[in-house]
A.B. asks: 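Provided herewith is a single structure, encoded as structure tokens, for subsequent inquiry.
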Amino acid sequence: MNRQPLFGGAISTSIKSSYLDASQIRQIPDNQEVFVDMNTQQSLIIELLEKVEHLNEEAARFHFEQIAEHNNASNYSIKSVEHESVDIAAPRLPLDTTVYFVRGVQNVAKFNEDAVNHVELVVAIVRLDKVHTDVIISLNVPTEVSSGSSEMKDINQVESSSVAAIVDEIKLVVRSLEVHDWGLFGN
């Protein structure tokens, strides 16, 4: 894992060294940092959003559903929602931070193709109450790629048994998340 500056160094976290910063190959919105593992086609997205009005587990479910809609998922389901105390999940963040982890699946087509891929999705919702911001960290992992998908030629599929490793990875990203410049949030 390498220490990775985010949002101009205002935030940092640890990510796998195999990730490529997607802004080197395509335009990324200012409120996002996107990384792609070129070996597995996993993508790690860190997004800063205005805090939603939903509370607790409902906020976590809401953000997962928003990602599914944004991905134009033909089908999705939530497998689990887990709350973790900030002192364990994100010890470098203020104590009024709330952390949830949502695990689920989506069926999505890549690049408006007809071929639908099965994607495991783990989302961390880090609610920074102090600055009214939800930090959404998502890890998309193709677990079944359709033979007609453009990704088929590029992918080493992730076995379902290694999904636990993906959960561990996103927890490490959250655990190492640190804000260096609170001015990023405009407060």
Side-chain angles (χ1 to χ4, degrees), residues 1-52 59-60 62-73 76 84 86 89-94 97-104 106 108 110-111 117 119-142 151 154-155 158 163 165-187:
M1 300 292 263
N2 291 339
R3 198 78 192 151
Q4 177 68 46
L6 306 168
F7 305 103
I11 299 175
S12 66
T13 194
S14 295
I15 65 171
K16 293 189 311 188
S17 58
S18 57
Y19 281 119
L20 170 71
D21 182 344
S23 68
Q24 296 177 7
I25 52 177
R26 68 174 191 217
Q27 190 166 352
I28 304 297
D30 290 343
N31 70 321
Q32 289 183 353
E33 295 279 356
V34 179
F35 302 92
V36 179
D37 187 317
M38 300 309 285
N39 297 321
T40 63
Q41 296 302 309
Q42 292 180 22
S43 63
L44 174 69
I45 302 170
I46 301 167
E47 187 170 18
L48 303 178
L49 298 174
E50 185 175 341
K51 185 178 175 184
V52 297
F62 173 81
H63 283 298
F64 184 94
E65 291 167 355
Q66 289 296 112
I67 292 169
E69 286 179 26
H70 179 75
N71 289 343
N72 296 317
Y76 67 88
E84 279 195 18
V86 68
R92 299 175 185 205
L93 296 177
T97 302
T98 309
V99 181
Y100 285 90
F101 295 95
V102 182
R103 187 171 152 229
Q106 297 181 3
V108 295
K110 190 87 171 171
F111 307 117
N117 301 323
V119 177
E120 190 80 27
L121 179 64
V122 182
V123 181
I125 296 85
V126 180
R127 307 197 86 190
L128 299 173
D129 289 339
K130 168 180 174 172
V131 289
H132 309 290
T133 299
D134 287 342
V135 180
I136 310 303
I137 303 169
S138 61
L139 186 55
N140 301 297
V141 183
E151 282 197 348
D154 298 327
I155 194 154
V158 175
V163 170
I166 298 155
V167 172
D168 290 344
E169 179 184 342
I170 201 166
K171 286 187 175 190
L172 179 59
V173 170
V174 172
R175 192 167 38 257
S176 62
L177 193 65
E178 186 171 6
V179 177
H180 304 286
D181 180 3
W182 289 94
L184 171 69
F185 303 99
N187 294 3

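Only a predicted model underlies this, so the values are computations on that prediction, with no experimental measurement involved.
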A.B. asks: Leu177 and Arg92: which non-hydrogen atoms are nearest, and at how many Å?
C.D. replies: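 Minimum heavy-atom contact is O-CB, 3.4 Å.
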A.B. asks: Using every non-hydrogen atom in the two residues, find where Val174 and Phe101 come nearest and quote the distance to one decimal.
C.D. replies: CG2-CE2, 3.9 Å
A.B. asks: So do Leu49 and His63 actually touch side chain to side chain, heavy atoms under 4.5 Å?
C.D. replies: yes
A.B. asks: For atom CD of Glu50, decide whether the heavy atoms of other residues, nucleotides or ligands shown that lie under 6.0 angstrom number more than 12.
C.D. replies: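 Result for CD/Glu50: open.
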A.B. asks: In Å, rounded to the nearest 0.5 Å, how long is the span from CG of Leu139 to CD1 of Ile15?
C.D. replies: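 The distance works out to 11.0 Å.
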A.B. asks: Are the side chain of Thr13 and the backbone N or O of Val173 linked by a donor-acceptor pair below 3.5 Å?
C.D. replies: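 Side chain of Thr13 to backbone of Val173, a donor-acceptor pair under 3.5 Å: yes, one is there.
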A.B. asks: May I have the step-by-step check of side chain to side chain contact (heavy atoms under 4.5 Å, CB included) for Gln106 and Ile67, ending in yes or no?
C.D. replies: CA-CA 10 Å; Gln106 297 181 3; Ile67 292 169; 3.7 Å; yes
A.B. asks: Going by the rule ring-ring contact (aromatic ring centres under 6.0 Å, His included), which residues pair with Tyr76 if we only count those two or more places apart in sequence or in a different chain?
C.D. replies: none
A.B. asks: Evaluate the side chain to side chain contact (heavy atoms under 4.5 Å, CB included) criterion for residues Val131 and Trp182: first the C-alpha distance (whole Å), next the side-chain angles of each, then the deciding distance (0.1 Å), finally the verdict.
C.D. replies: CA-CA 8 Å; Val131 289; Trp182 289 94; 3.8 Å; yes
A.B. asks: Is a side-chain N or O of Ser176 found less than 3.5 angstrom from the main chain of Ser14, in a donor-acceptor match?
C.D. replies: yes
A.B. asks: Tell me which pairs pass salt bridge (charged side-chain N to carboxylate O under 4.0 Å, His left out) where either residue lies in residues 132-141, with sequence neighbours left out.
C.D. replies: Arg127-Asp134
A.B. asks: If you take all heavy atoms of Pro91 and Ala89, which pair is closest and at what distance?
C.D. replies: CD-C, 3.7 Å
A.B. asks: State, with a plain yes or no, whether a side-chain heavy atom of Leu121 is found less than 4.5 Å away from one of Phe64.
C.D. replies: yes
A.B. asks: With rounding to the nearest 0.5 Å, note down the distance linking CG in Leu44 to CG in Asn140.
C.D. replies: 9.0 Å
A.B. asks: Minimum heavy-atom separation for Pro94 to Val86, with atom names?
C.D. replies: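 Nearest heavy atoms, Pro94 then Val86: O-CG2, 3.7 Å.
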A.B. asks: With sequence neighbours left out, which residue pairs that include part of residues 33-48 fulfil the salt bridge (charged side-chain N to carboxylate O under 4.0 Å, His left out) condition?
C.D. replies: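 As it turns out, the salt bridge (charged side-chain N to carboxylate O under 4.0 Å, His left out) pairs with a partner in residues 33-48, which skip direct neighbours, are Lys16-Asp37.
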A.B. asks: Checking Asn2 against Ser17: is there a side-chain donor and acceptor pair closer than 3.5 Å?
C.D. replies: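 Side-chain D/A pair, Ser17 to Asn2: absent.
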A.B. asks: Can you name the closest pair of heavy atoms from Ile170 and Val122 and give their distance?
C.D. replies: CD1-O, 3.3 Å
A.B. asks: What's the separation between atom OG1 in Thr97 and atom CG in Leu128, rounded to the nearest 0.5 Å?
C.D. replies: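 Here the rounded value is 5.0 Å.
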A.B. asks: Quickly, which of Leu93, Leu6, Leu184 forms a side chain to side chain contact (heavy atoms under 4.5 Å, CB included) with Val179? Name it, please.
C.D. replies: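 Only match with Val179 under side chain to side chain contact (heavy atoms under 4.5 Å, CB included): Leu93.
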A.B. asks: In the structure I gave you, are the side-chain heavy atoms of Met1 and Leu172 within less than 4.5 Å of one another anywhere?
C.D. replies: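 In contact.
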A.B. asks: In Å and rounded to the nearest 0.5 Å, what is the CD1 to CZ distance from Ile46 to Phe7?
C.D. replies: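 Atom-to-atom, Ile46:CD1 and Phe7:CZ are 6.5 Å apart.
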A.B. asks: Could I get the full list of side chain to side chain contact (heavy atoms under 4.5 Å, CB included) partners for Asp21, not counting sequence neighbours?
C.D. replies: Ser23, Gln24, Phe35
A.B. asks: Please round to the nearest 0.5 Å and tell me the distance separating atom CD of Glu169 and atom CD of Gln42.
C.D. replies: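 Separation between the atoms: 5.5 Å.
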A.B. asks: Which residues pass the ring-ring contact (aromatic ring centres under 6.0 Å, His included) test with Tyr19, not counting sequence neighbours?
C.D. replies: none
A.B. asks: If you look at every heavy atom in Val99 and Ala90, which pair is closest and at what distance?
C.D. replies: CG2-CB, 4.2 Å
A.B. asks: Heavy-atom distance under 4.5 Å between the side chains of Arg26 and Val34, does that happen here?
C.D. replies: yes
A.B. asks: Taking side chain to side chain contact (heavy atoms under 4.5 Å, CB included) as the definition, give me every residue that meets it alongside Ser12, ordered by chain and number, with sequence neighbours left out.
C.D. replies: Arg3, Glu178, His180
A.B. asks: Is there a side-chain contact between Ile11 and Leu48 (heavy atoms, below 4.5 Å)?
C.D. replies: yes
